[in-house]
**Student:** 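Please see the structure below; I have some questions.
Chain letters run A, B, ... following the sequence lines, proteins first, then strands; residues in each count from 1.
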Amino acid sequence: MNCELYKSEIYAWRPGSDAVSFQPLFDHLAGCPECAQFFERLTTSDQRIQHTIQKIPEDRSLESRILAGLAHQRAQTKTHRPSWRSWILLPLAASVILVVTLGVRPRLEEARVGREVAALLSRPPALQIDSTNRQQILDWCASVFSGPSSLPPELNKVEFRGATAVKVADHKAVLLKMKNEQRASLLIVDAHLTQESGFKSMHEKSGSATLWSDGRRTYVLLYEGSAQEMHAYMVQMGIEA
Amino acid sequence: MQISDHTFDDWVRQYQRLLFGIAYWWTGSRTDAEELTQEAFFQAYRSRSTLHEVEAVKGWLIGILRHCYAQMSRKSNSRAEVPLDGMENEPEEQDMLSADVLALHQSLAKLDDRHRLPLVMFYFQQLSYQEISEALELPIGTVMSRLSRARKMLHETLETPRNLIVMRKAKER
């Protein structure tokens, strides 16, 4: 790793960070006066920002205004309670059923996405195409999706060694294995998955995930390891979140 | 979960300063920050049954503040220039603001929301990656990457505006 990459690591470090993950950085700092000076400058600047950011305007009346607003809300609720209770029960029950239906379905979908992605990460299927030629891989993906396939600009520098077609929550998807890193893969789902919490729960159980979306497809970087290890890999490969 | 009015009022007293501070640095405007803080507590009160654990109240409130901020941003898409100018038009604040504070406002205003929001949470309250991840509803890896890049951008942009502001303040005197 050269000094520029270590500087990216310096920006990622914060007091209390996992010492093992950042050990290579501190080994480098011990032998590189320029980077050590940069690290010290950044730390000093951080302290100054932390000091400055504490300076916020005094507003002694804000608390009382909030409490007064809450008191008003409560008073209104009490005033309205007898009238709506008497005649609105039926529409209310219908609304509750609708809300429950609408609320539960996305959660089930999220849980399913999380489960299926976690399974892909822990038991990756065999590759259907072996190639390190990026264009060839993307052309193959296009044939799976029956439409053009491209990657978001944040992933411009990634390289692949193969791919396979999969399904995630009934959506067409491809799993691309990364070159030079067995633990990393990219999942492209032919759908706009807006709920990130499915990936969040997956991350807590099975590995790490970072995702991008272009509104039509979702691109998920999967990493069999901790978030810090994935972050170090992303820095190394020039991948931006 | 049942939360009594008394408990909720205690949370207002305990966290209003925290929410106001975060909103102040997100928006760069005292007026917007006050409005956001109030709205966040009102919305939190209405949806208090969605809080599952009392221990998570801080992150829950910041998450609601973030939703309110998103609603406000959608209504007025003028974050880039107006707040700092707006502040400069408020004489009672102008005298209070040091060159460092103005420089920080100006540098934060240059960042987009993806980077400014976690950065303020990181510096203002020293929130952990996990807490930021929960409040912003983002995977922890995304939070780490954004924070890392945001810190880099902030440190880089802090240099130039600081000089400009120091010069301008000196001129005003």
**Student:** Please classify the contact between Leu42(A) and chain B as side chain, backbone, both or neither, with a heavy-atom cut-off of under 4.5 Å.
**Tutor:** both
**Student:** How many angstroms lie between atom CD1 of Ile49(A) and atom CG of Leu119(B), to the nearest 0.5 angstrom?
**Tutor:**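 Going from the CD1 atom of Ile49(A) to the CG atom of Leu119(B) covers 7.5 Å.
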**Student:** Determine whether Ile56(A) and Trp25(B) make a side-chain contact, defined as any pair of heavy atoms from C-beta on separated by less than 4.5 Å.
**Tutor:** yes
**Student:** Can you tell me how far the CD atom of Gln125(B) sits from the CD1 atom of Ile53(A), to the nearest 0.5 Å?
**Tutor:**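 Atom-to-atom, Gln125(B):CD and Ile53(A):CD1 are 10.0 Å apart.
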**Student:** To the nearest 0.5 Å, what is the distance between CZ on Phe122(B) and CG on Asp46(A)?
**Tutor:** 5.5 Å
**Student:** Quick check for you: to the nearest 0.5 Å, what is the distance between Thr142(B) atom OG1 and Met234(A) atom CE?
**Tutor:** 6.5 Å
**Student:** Check for a donor-acceptor pair, side chain of Gln54(A) on one end and backbone N or O of Phe124(B) on the other, with a separation under 3.5 Å.
**Tutor:** yes
**Student:** Kindly determine whether Gln126(B) and Gln50(A) satisfy side-chain contact (heavy atoms from CB on, under 4.5 Å), including the steps that lead there.
**Tutor:** CA-CA 9 Å; Gln126(B) 297 274 294; Gln50(A) 265 157 21; 2.5 Å; yes
**Student:** Report the distance from atom CG of Asp100(B) to atom NZ of Lys55(A), rounding to the nearest 0.5 Å.
**Tutor:** 6.0 Å
**Student:** Look at atom NZ of Lys177(A) and say whether more than 12 heavy atoms of other residues, nucleotides or ligands are closer to it than 6.0 Å.
**Tutor:**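 Yes, NZ of Lys177(A) has more than 12 neighbouring heavy atoms, counting only those of other groups under 6.0 Å.
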**Student:** Considering only heavy atoms from C-beta outward, does the side chain of His231(A) approach that of Tyr129(B) to under 4.5 Å?
**Tutor:**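 No, too far: nothing below the 4.5 Å cut-off.
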**Student:** Could you check which of Met230(A), Arg41(A), Arg65(A) has the highest count of heavy-atom pairs closer than 4.5 Å to chain B?
**Tutor:**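 If we count pairs closer than 4.5 Å to chain B, Arg65(A) comes out on top.
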**Student:** So, taking the atom named CD in Glu156(B) and the one named OH in Tyr11(A), what distance separates them when rounded to the nearest 0.5 Å?
**Tutor:**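 The distance works out to 5.5 Å.
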**Student:** Any idea which heavy atoms bring Ile66(A) and Gln38(B) closest together, and the distance?
**Tutor:** CG1-CG, 3.8 Å
**Student:** Which heavy atom in Arg74(A) sits nearest to a heavy atom in Asp9(B), and how many Å separate them?
**Tutor:**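 Answer, listing the atom of Arg74(A) first, then Asp9(B): NH2-OD1, 2.8 Å.
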**Student:** Would you say CD of Gln23(A) has more than 12 non-hydrogen atoms from neighbouring residues, nucleotides or ligands within 6.0 angstrom?
**Tutor:** yes
**Student:** Restricting to side chain to side chain contact (heavy atoms under 4.5 Å, CB included), what partner residues turn up for Glu39(B), sequence neighbours left out?
**Tutor:** Phe42(B), Gln43(B), Arg46(B), Cys68(B)
**Student:** For Arg30(B) and Glu58(A), indicate whether the former's side chain and the latter's backbone hold a donor-acceptor pair under 3.5 Å.
**Tutor:**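 Yes, Arg30(B) side chain to Glu58(A) backbone: donor-acceptor pair under 3.5 Å.
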**Student:** Tabulate, in ascending numerical order, the residues of residues 14-22 of chain B having at least one heavy atom closer than 4.5 Å to a heavy atom of chain A, or enter 'none'.
**Tutor:**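 Against chain A, the residues of residues 14-22 of chain B that fall inside the cut-off (heavy atoms, under 4.5 Å) are Gln16(B), Arg17(B), Phe20(B), Gly21(B).
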**Student:** Over all heavy atoms of both residues, which pair between Arg151(B) and Ala12(A) is shortest? Give the atoms and the distance, please.
**Tutor:** NH1-C, 4.4 Å
